[in-house]
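Some notes on the structure that comes next.
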Amino acid sequence: MRKLLFKLLCHFATESDTQSIKLLADSHRHELGFIVRKTIEEAIKVKEIIYCSEGFLHFHHRKDNISTLYHLCVDKSCREQGIGRKLVSTWEAYSLECGIKKLRLKCPVDLTANGFYHHLGFTRVAIEAGKKRSLVVWEKKLFKSEVIKPRFIASLSAGRSEVEGLRKLWQKNQDSRNPFAHVLFSPISSPPSATDYFKNLKEKNQVENVWLDCGAYQVQQGKKTYEELLSFLENFYLNNQWADGYVLPDIVPLSSDSEEIIEYKVSETIYQCQHFFDKMPDYIQQRAIAPVQGHSLSQINRCLEAYINMGVTRIGFGSFGTSGPNGSVNMLSESSLRLFKTVVDTAKEHNLQVHCFGIGGPNSYNRLLRNNIVPHTLDSTTWWKAGGFGSIFFPHTSQIQVTVRKGIETTTKGLEKLKQKTNHDCYFCRDLDMLRTSRNHRIMHNLASWLDTLDSNND
Ligand SMILES: [Zn+2]
């Protein structure tokens, strides 16, 4: 049955379908009202009737990019077989192709069809008085389903020699991918040598994108006050108009904060971001990355509204649940997934790029994908931090501590098995002893695992 339905062919009605459509319409007159033959003929001429032998859908594309449904009719004997759904989805797909932004229809309040439209993703926007009975107005916004291939941004807040060492070490891997092509670093928490180094790499075209992080983490950790951060950033950004991204200064709410504190931090983030943005020249405004903060939907929406009004083209989400000392560990709670989904959906609607700040490892990333949350870019420090703590991960896996001999996974045999299972191989994990003893080998292996995770999902 299912297969049969998928084969069901809908097409634009042609002149030869006129009589069948008229018969269908007449036999459902009590539902559709009276449709004159001329209306059908005119609609067929302008390709505004989608037809299959069991039903038809009559719509009209308005000049303001809204497509209105006039009639949807499915023969009584063929209902509940997915025909109406097929007709509506054909209308939706065609409308999207034509650049239509919204579908609209009206349905008498007492009809069960209201549930059908709700099910198809329409939203009830109003109730209007009709000729005989009230009508529910349904709308559905249309988005071009752009295929996003998330890009990894290497978060590197270290000095010149350390970063240079890692870049050199990567070359041993003979991997044509360059994990350092897109980097994010925080000028306030990196040694001054880092700025000159990245600027130089940029001038020599050895990196594609350098983003400057605002360093809110320093405030979160109590190492700087927010005022210190603001004045540092203002000065630094104004003097460094060569980078490709500038994260605006936010205050990160923590899960341990009271509701009042969270509210204060969100309001302050919005206010300061607007204020800061206004002071920046065009070069920086065009490259600003506005951090969306909030632990409730209304807070998130307020941030989004403010940033959209400011005219930024890129927003970032990093408002995860937090745990650990000073909220140093990000957690992907159910609630943060819900908030992130709202951010991604709103961004799509307004054509904004979305960055994901400080995601954990490949496992967290996969959880995003499972929830249909696909950011354009993401950064992580986990590859670096985990390596420092003696841990490694493979594509799509959680961390394993290799510096201590524990179970099977920390034996050469166990490691080989994992590599096969995850289809991963790199120069750095060829030797278990090296992984055990070299922090940088662990870091580089984790980086390779990150790239593999993104590549396998991007296929
Ligand atoms: Zn490896």
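Both counts, for ligands and for their atoms, begin at 1 and track the order of listing. Positions are given from 1, in the same order as the sequence printed here. Heavy-atom basis, side chains included; hydrogens, waters and symmetry copies ignored.
Among residues two or more places apart in sequence or in another chain, the side-chain hydrogen bond (donor to acceptor under 3.5 Å, both in side chains) test is passed with D64 by R62.
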Check residues 303-317 and write down every donor-acceptor pair under 3.5 Å in which the side-chain atom is one partner and the other belongs to a residue at least two apart or another chain.
| unit_1 | atom_1 | unit_2 | atom_2 | d |
| --- | --- | --- | --- | --- |
| Y307 | OH | P291 | O | 2.7 |
| N309 | ND2 | E305 | O | 3.3 |

Side-chain polar contacts of residues 203-216 - donor-acceptor pairs under 3.5 angstrom, sequence neighbours left out - could you list them?
| unit_1 | atom_1 | unit_2 | atom_2 | d |
| --- | --- | --- | --- | --- |
| K204 | NZ | N200 | OD1 | 3.1 |
| N209 | ND2 | H182 | ND1 | 3.0 |

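Exactly one residue among D452, T453, L415 makes a side-chain contact (heavy atoms from CB on, under 4.5 Å) with F394. That residue is L415.
Under 2.8 Å from the Zn ion (ligand 1), one finds the following protein N/O/S atoms: H424 NE2, C426 SG, C429 SG, H445 ND1.
A salt bridge links R167 to E164: at least one charged side-chain nitrogen sits closer than 4.0 Å to a carboxylate oxygen. Using a 4.0 Å cut-off between a side-chain N of Lys or Arg and a carboxylate O of Asp or Glu, K202 and D244 qualify as a salt bridge.
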